[in-house]
Amino acid sequence: MSCLQKIICRLDSPKNRVLAFSSQKLFTTFTRQLTVPSFPPNQQTLKSLCSNGQVTEALLEMATLGPEMKFKGYDTLLNACLNQRNLRGGRRVHAHMIKTCYHPPVYLRTRFIIFYNKCDCLSDARQVFDEMRERNVVSWTATISAYSQRGGIYSSEALNLFIQMLRSDIEPNEFTFATVLTSCANDSGFQLGKQIHSLIIKSNFESHIYVGSSLLDMYAKAGKIHEARGVFDCLPERDVVSCTAIISGYAQLGLDEEAMELFRKLQVEGMSSNYVTYASVLTALSGLAALDLGKQVHNHVLRFEMPSYVVLQNSLIDMYSKCGSLSYARRVFNHMSERTAISWNAILVGYSKHGMGREVVELFKLMREENKVKPDAVTYLAVLSGCSHGGMEDRGLEIFDEMVNCKDGVQPEIEHYGCVVDMLGRSGRVGKAFEFIKKMPFEPTAAIWGSLLGACRVHSNVDIGEFVGRRLLEIEPENAGNYVILSNIYASAGRWEDVRSVRELMKEKAVTKDPGRSWIELDQTLHTFHASDRSHPRREEVFAKLKELSIKLKEAGYIPDLSCVLHDVDEEQKEKILLGHSEKLALTFGLIGTPEGTPIRLIKNLRICVDCHNFAKFVSKVYGRKVSLRDKNRFHHIVEGTCSCGDYW
DNA sequence: TTAGGGTTAG
């Protein structure tokens with residue numbers, strides 16, 4: 001028996017053949033000389049060879065297969081490559097198929113679409129799809145899915161493909177609907193999404209759990225939470241995804257109390273939760289600044305060993321920083337084994353909102369030095385805003401220049417220009433800020449003018465303030481805040497006639513202010529107050545204490561700032577309105593509800609008014625309390641009569 | 001063979 005025959009004899013079992021392939025150079029040489037082995041391989045052999053990275057050898061084996069077995073052989077090879085995300089191997093299989101003039105059926109071509117997509121080669125997947133003469137619902141859905149998974153600019157192509165699919169008379173199935181709806185969860189796709197909803201009803205898929213989840217998510221992302229809830233309530237069965245989708249729908253729209261209420265209700269009904277559910281719940285708790293409840297969720301997550309999910313940790317960072325506990329947020333950040341740009345952004349935003357500019361700049365430097373994660377547009381927003389709020393304006397302007405020079409490949413967008421306006425205005429360079437706006441490559445938004453108007457008020461620049469204020473009243477006539485600031489600017493210059501005219505204008509336009517709301521967490525319960533609110537069970541105590549405060553603080557030098565009230569009423573009435581502001585009620589409740597010396601943590605849904613800010617400063621001084629107040633924009637840490645915002649917010 | 005929910009944003 002020759003050497004070659006001996007080797008072939010030993011290769012009867014698939015296991016031995018693989019071993020031989022892996023270990024004996026000699027054998028490979030012989031096999032290549034043979035080109036066509038003398039017996040057909042079975043699927044296990046092909047799979048094993050491919051899994052061992054020996055795609056070329058596996059393809060040589062394919063030569064012995066009859067045409068009817070080739071389909072199965074290629075499928076096996078491709079599956080092995082797919083499991084290992086072996087792009088090179090998959091490409092070889094593809095090339096071999098073309099070279100040997102094998103015409104794969106729809107199934108196999110679709111598998112290649114899926115393979116290329118999973119290997120992140122969208123253009124190859126698309127090429128396979130485009131070259132198909134015949135397509136079925138799976139090949140269409142797999143291609144649509146490749147685009148919808150990527151989101152963003154790819155969503156419109158997913159929708160185009162879906163329309164083409166309908167035109168080619170292929171009926172979508174539940175997979176197609178569940179997929180395509182994810183591409184409708186944006187402003188441009190919503191109208192088509194509603195039409196697809198009609199189609200879903202006609203096709204009787206509305207109650208399908210995957211389709212229903214996708215549908216309710218689309219409505220929630222379009223801000224149509226009632227429609228989303230309608231779809232959810234009609235689902236015959238619910239699972240963790242559909243429940244999480246509706247909870248996160250509420251949370252993403254800032255309907256935090258509703259999100260928590262529904263979460264509790266569904267928990268009672270026995271819903272199961274996973275790390276995505278907790279990430280969404282933490283978003284709602286961040287909005288509510290419910291620290292104690294947030295800690296409870298954190299403990300639960302640790303107990304159930306879910307701590308290593310990056311998404312969950314990012315949510316924890318955000319929750320702790322928005323609840324005022326930056327040290328906890330930093331601890332979570334420090335202990336992460338893997339960080340994404342969102343992890344960095346969340347902690348940077350945290351420091352930024354607390355006015356800690358130096359920490360923002362240091363952390364950003366560390367992010368660049370580590371060079372593991374690239375800063376994105378949000379990173380720059382956090383850093384520029386952090387510099388602005390944290391007294392690091394000049395460093396912020398340098399960082400903006402670096403952005404313009406494309407240091408990290410992130411182009412400044414209009415929001416970044418807005419940060420620069422804020423920085424210039426904050427540091428007193430109001431004229432420069434005005435010039436900067438004029439030269440911007442974008443049309444200034446109301447927010448940008450609003451930022452400059454605030455600067456004009458603080459730095460008493462009546463000329464620019466008047467121009468900007470009048471401009472704002474034209475483009476944003478419904479925003480009561482603009483009238484208040486313009487009126488403040490006129491009042492500071494003693495232009496009482498103009499103050500009156502702004503007031504008249506406001507009345508004429510029937511401007512309504514967003515209702516102000518403040519709350520405080522005591523014993524894991526959120527106590528909410530509206531202006532002049534008399535609904536709280538301890539209202540009598542609150543108002544009695546408020547009266548006492550008014551007297552005591554005035555003795556200490558507090559003078560109510562009546563210019564914060566635009567109602568046309570007498571001075572006594574104005575003072576009464578001011579004293580009824582929701583943040584004063586919540587602060588007073590904090591004083592009576594906590595032991596002496598305990599820090600008080602408040603949250604306001606809008607920007608705090610100048611008078612309430614001053615009031616809180618006097619409370620901190622007279623009553624020896626640290627007051628931490630989170631308003632719409634940032635944290636105010638008030639100690640001994642001084643605020644961390646430096647009276648500019 | 002194809003499918004749904006998630007974290008950061010002045």
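So that the names make sense, note that chain A is the first sequence line, chain B the second, and so on, each numbered from 1.
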Which of these nucleotides, B:dT8, B:dG10, B:dT2, is closest to any side-chain atom of A:Leu381? B:dG10
Think A:Thr179 has a side-chain N or O under 4.0 angstrom from the OP1 or OP2 of B:dT2? no
Just how far, in rounded Å, is P of B:dT8 from CE of A:Met336? 13 Å
Under 4.0 Å, counting only non-hydrogen atoms across every strand here, what does A:Thr110 touch: a base, just sugar-phosphate, or nothing? base
Describe the nucleic acid contact of A:Lys322 in one word from base, sugar-phosphate, nothing, applying a heavy-atom distance below 4.0 Å. sugar-phosphate
Go through B:dG4, B:dA9, B:dG6 for me and flag the one nearest to the A:Val311 side chain. B:dG6
When the distance from CE of A:Met165 to P of B:dT2 is rounded to whole Å, what number comes out? 15 Å
Rounded to the nearest angstrom, tell me the gap between atom CG in A:Leu235 and atom P in B:dG4. 16 Å
Heavy atoms only, 4.0 Å cut-off, all strands: where does A:Lys221 land among base, sugar-phosphate and nothing? sugar-phosphate
Is there a donor and acceptor pair, one atom on the side chain of A:Ser213 and one on the base of B:dG4, closer than 3.5 Å? yes
Under the 3.5 Å rule, do the base of B:dG4 and the side chain of A:Asp239 count as making a donor-acceptor pair? yes
Ring of A:Phe333, cation from A:Arg330 - is the NZ or CZ under 6.0 Å from the centre and inside 45° of the axis? no
Which part of the nucleic acid does A:His389 contact within heavy-atom distance under 4.0 Å: base, sugar-phosphate only, or nothing? nothing
Choosing from B:dA9, B:dT1, B:dG4, which nucleotide comes nearest the side chain of A:Asp318? B:dA9
May I ask you to check whether A:Tyr219 and A:His197 place their ring centers less than 6.0 Å from one another? yes
Which part of the nucleic acid, if any, lies within reach of A:Glu174 when heavy atoms closer than 4.0 Å are counted: base, sugar-phosphate only, or nothing? base
Using a heavy-atom cut-off of 4.0 Å across all strands, would you classify A:Ser214 as base, sugar-phosphate, or nothing? sugar-phosphate
Closer than 4.0 angstrom, basic N to acidic O: yes or no for A:Glu398 and A:Arg395? yes
Quick check: do A:Cys643 and A:His637 have side-chain heavy atoms less than 4.5 Å from each other? no
side-chain hydrogen bond (donor to acceptor under 3.5 Å, both in side chains) between A:Arg339 and A:Asn314: does it pass, once the steps are laid out? CA-CA 9 Å; A:Arg339 296 182 189 119; A:Asn314 293 345; over 6 Å; no
So what does A:Asp217 hit on the nucleic acid, given a heavy-atom distance under 4.0 Å: a base, only sugar-phosphate, or nothing? sugar-phosphate
Give the nucleotide from the list B:dT2, B:dG4, B:dG6 with an atom nearest to the side chain of A:Val276. B:dG6
Mind checking if A:Phe177 touches a base, just sugar-phosphate, or nothing, with heavy atoms under 4.0 Å? nothing
A:Phe175 CZ - B:dA3 P separation (whole Å): 8 Å
Roughly, in whole Å, what's the span from CG in A:Asn173 to P in B:dT2? 11 Å
Across the strands shown, which category fits A:Val240 at heavy-atom distances under 4.0 angstrom: base, sugar-phosphate, nothing? base
Is the distance between the ring centroids of A:Trp140 and A:Phe129 under 6.0 Å? yes
A:Arg330 CZ to B:dT8 P, in whole Å, measures 19 Å
Please confirm whether the shortest side-chain N or O distance from A:Gln252 to OP1 or OP2 of B:dT7 is below 4.0 Å. yes
Separation of B:dT1 atom C1' from A:Ile113 atom CD1, nearest Å, is 10 Å
Name the nucleic acid region contacted by A:Gln149, choosing base, sugar-phosphate or nothing; use a 4.0 angstrom heavy-atom cut-off, strictly under. sugar-phosphate
Would you please test A:His94 and A:Tyr116 for ring pair (Phe, Tyr, Trp, His ring centres under 6.0 Å) and show each step? CA-CA 11 Å; A:His94 197 181; A:Tyr116 282 125; 5.6 Å; yes
Whole Å only: how far is the CZ atom of A:Phe635 from the C1' atom of B:dG10? 16 Å
Let's see if you can work this out: which of B:dA9, B:dT2, B:dG4 has an atom nearest to the side-chain heavy atoms of A:Thr182? B:dG4
Give A:Asp376 one of three labels, base, sugar-phosphate or nothing, depending on what nucleic acid heavy atoms sit under 4.0 Å from its own. nothing
Looking at DNA chain B, which of residues 277-286 of chain A put a heavy atom within less than 4.0 Å of it? A:Thr277, A:Ser280, A:Thr283
Lys/Arg-Asp/Glu bridge criterion (N-O < 4.0 Å) met for A:Asp394, A:Arg429: yes
With a 4.0 Å cut-off, would you call A:Arg150 and A:Asp120 a salt bridge? yes
Once hydrogens and angles are ignored, does a donor-acceptor distance under 3.5 Å link the base of B:dG6 to the side chain of A:Tyr275? yes
Which residues pass the salt bridge (charged side-chain N to carboxylate O under 4.0 Å, His left out) test with A:Lys265, sequence neighbours left out? A:Glu269
What is the nucleic acid contact for A:Ile247, judged by heavy atoms within less than 4.0 Å: base, sugar-phosphate only, or nothing? nothing
Would you mind classifying the nucleic acid contact of A:Val349 as base, sugar-phosphate or nothing, using non-hydrogen atoms under 4.0 angstrom? sugar-phosphate
From the options B:dT2, B:dG6, B:dT1, select the nucleotide whose nearest atom is closest to the side chain of A:Ala142. B:dT2
Which part of the nucleic acid, if any, lies within reach of A:Asn274 when heavy atoms closer than 4.0 Å are counted: base, sugar-phosphate only, or nothing? base
